Amino acid sequence: MAKCNGRCTLVGFCCLQLIAALERQIFDFLGYQWVPILANFLHIMAVILGIFGTIQYRSKYLIMYAAWLVLWVGWNAFIICFYLEVGHLSQDRDFIMTFNTSLHRSWWMENGPGCLVTPVMNSNLAPEDHHVITVTGCLLDYQYIEVVSSAMQIFLALFGFVYACYVSKVFMEEEDSFDFIGGFDSYGYQAPQKTSHLQLQPLYTSG
C-alpha cells in the first residue's frame, strides 16, 4: 500500500509540474524569452520521463528525473535572483533571457493585472525598430509575478525529488529481492530431477 501511495503521489506531482511548465511555456513564448523556453522544454521532457518511469517501474528513469530536478531548482533560483537583481544582475543591462538577441522583456511587464501601457512618441532613447513605453497602475509588478512562478516551480520540484527518490528506492529493493534473470534461484528453488522410466533388468545367458 505504501508503494502504491508513493507512486500515485509522484504521478500527481508530475502532472502538476507538467501543467505549471506548459503554462509557463506559453507566457515565455509570448514574451520571446528564448532561454526559459529551452529550459521549459527540457523540463517537460524530464517530467514525462518521470511519469513513464513511475508507471513502468523503471528506477533508472526516476533517478534521471530526480537529477534533472536538482538542475531545475538551480535554474529557478537564478531566475528569482535575476528579477530581484541580486548581486550584479540587472534587467536593464543584461538580456540573458533572450540570448542577448533582443530587448524583449517578460510578457507580464505590459500585460500584468491592472497595467496601463502608454507609448512615448518621438523618443530619442528608442533603439532602431523599437519604441519606448511607460507602464503604470500595475497591481503587481512583473518581477514579482516571475518570482512567484519560479518559487512555485521550486516547491513542486522539491516534493517531486523526495518522492522520486522514495519510489526509486522501493523499485530497486524489489529488483534485488526477485531475480528476473535467474527466475526463482534467489528463493532456493531447484528444478526436479529427471528420472528415467526405463528399468534395468538383469540379463540371463545360458551356458
Side-chain angles (χ1 to χ4, degrees), residues 1-31 33-91 94 96-99 105-109 112-113 139-176:
M1 181 63 68
K3 180 192 70 172
C4 180
N5 290 339
R7 289 178 64 235
C8 295
T9 304
L10 180 57
V11 171
F13 272 112
C14 286
C15 291
L16 289 177
Q17 284 183 308
L18 197 59
I19 294 172
L22 291 173
E23 174 267 334
R24 189 174 186 177
Q25 186 77 310
I26 292 173
F27 291 112
D28 285 337
F29 261 116
L30 294 174
Q33 304 292 289
W34 304 118
V35 177
I37 288 171
L38 178 60
N40 293 335
F41 176 77
L42 295 176
H43 181 59
I44 292 172
M45 294 297 102
V47 172
I48 293 175
L49 185 67
I51 295 175
F52 179 80
T54 305
I55 296 175
Q56 297 294 325
Y57 295 88
R58 303 292 181 88
S59 59
K60 293 182 179 179
Y61 291 167
L62 289 180
I63 293 174
M64 294 173 60
Y65 163 71
W68 165 256
L69 290 182
V70 175
L71 299 177
W72 184 244
V73 169
W75 165 249
N76 282 277
F78 169 76
I79 292 180
I80 292 175
C81 293
F82 176 77
Y83 281 105
L84 295 181
E85 297 187 341
V86 177
H88 296 288
L89 295 174
S90 174
Q91 298 179 58
D94 302 323
I96 303 173
M97 299 303 171
T98 60
F99 287 115
R105 303 291 184 88
S106 170
W107 182 82
W108 295 105
M109 180 179 181
L139 299 178
L140 185 65
D141 291 338
Y142 74 97
Q143 298 98 321
Y144 302 111
I145 296 178
E146 295 287 355
V147 167
V148 170
S149 176
S150 294
M152 182 179 65
Q153 295 287 342
I154 292 176
F155 174 80
L156 293 174
L158 291 176
F159 274 91
F161 178 83
V162 171
Y163 275 96
C165 293
Y166 167 71
V167 175
S168 62
K169 180 176 179 294
V170 172
F171 288 171
M172 287 188 290
E173 289 176 352
E174 289 186 349
E175 291 174 358
D176 292 338

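Along the sequence shown, the residues carry numbers beginning at 1. Basis for what follows: all heavy atoms, side chains included, without hydrogens, waters or symmetry-related copies. Keep in mind it's a predicted model, so treat the numbers as computed, not measured.
- Partners of K60 by salt bridge (Lys or Arg N to Asp or Glu O under 4.0 Å), not counting sequence neighbours: none found.
- Taking both residues in full, the closest heavy atoms of T54 and R7 are given as O-NE, 3.1 Å, listed atom of the first, atom of the second, then distance.
- Scanning both residues, A39 and W75, for their nearest heavy atoms gives CB-NE1, 3.7 Å.
- Inter-residue side-chain proximity for W107 and F29 is flagged as unmet; no heavy-atom pair is nearer than 4.5 Å.
- Between I48 and I44 there is a side-chain heavy-atom pair separated by less than 4.5 Å.
- Atom CH2 of W108 and atom CG of L140 lie 9.5 Å apart (nearest 0.5 Å).
- For the atom pair CZ of F159 and CG of L69, the computed distance is 13.0 Å after rounding to the nearest 0.5 Å.
- The CE atom of M152 sits 11.0 Å away from atom CD1 of I154, with the distance rounded to the nearest 0.5 Å.
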TODO: Report the C-alpha separation of N76 and I80 in whole Å, then their side-chain angles, then the decisive distance to 0.1 Å, and conclude whether the side chain to side chain contact (heavy atoms under 4.5 Å, CB included) test is met.
DONE: CA-CA 6 Å; N76 282 277; I80 292 175; 5.6 Å; no
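- Across all non-hydrogen atoms, the minimal contact from A66 to F161 is O-CD1, 3.4 Å.
- Atom OH of Y144 sits in a sparse spot, with 12 or fewer heavy atoms from other residues, nucleotides or ligands closer than 6.0 Å.
- The closest side-chain heavy-atom distance from I79 to S149 is not below 4.5 Å.
- With C14 as the fixed residue, the side-chain contact (heavy atoms from CB on, under 4.5 Å) test singles out one of T9, I19, V47: V47.
- One finds the CZ atom of F155 at 9.5 Å from the CG atom of L16 (value rounded to the nearest 0.5 Å).
- Of all heavy-atom pairs spanning M97 and Q33, the tightest one is CB-OE1, 3.0 Å.
- A side-chain contact (heavy atoms from CB on, under 4.5 Å) with L10 holds for exactly one of L62, V162, I55, I51; it is L62.
- Residues Q17 and H43 meet the side-chain proximity criterion, which asks for heavy atoms closer than 4.5 Å.
- To the nearest 0.5 Å, atom CD1 of residue I37 and atom CZ of residue R24 are 11.5 Å apart.
- For the residue pair V35 and I96, the shortest heavy atom distance occurs at CG2-O, 3.1 Å.
- A heavy-atom distance below 4.5 Å is not found between the side chains of S150 and Y83.
- Taking the six-membered ring for Trp and the full ring otherwise, Y65 and Y61 have centroids separated by 6.0 Å or more.
- Looking at W72 and Q153, their side chains do bring a donor and an acceptor atom within 3.5 Å of each other.
- Within the model, atoms CD1 of I63 and SG of C165 stand 8.5 Å from one another, a figure rounded to the nearest 0.5 Å.
- Nearest heavy-atom pair, S59 versus S168, reported as atom, atom and distance to 0.1 Å: CB-O, 3.9 Å.
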Open item on the list: Show, in sequence, the C-alpha distance, side-chain angles and deciding distance for T98 and R105, and conclude whether the side chain to side chain contact (heavy atoms under 4.5 Å, CB included) test is met.
Closed with: CA-CA 8 Å; T98 60; R105 303 291 184 88; over 6 Å; no
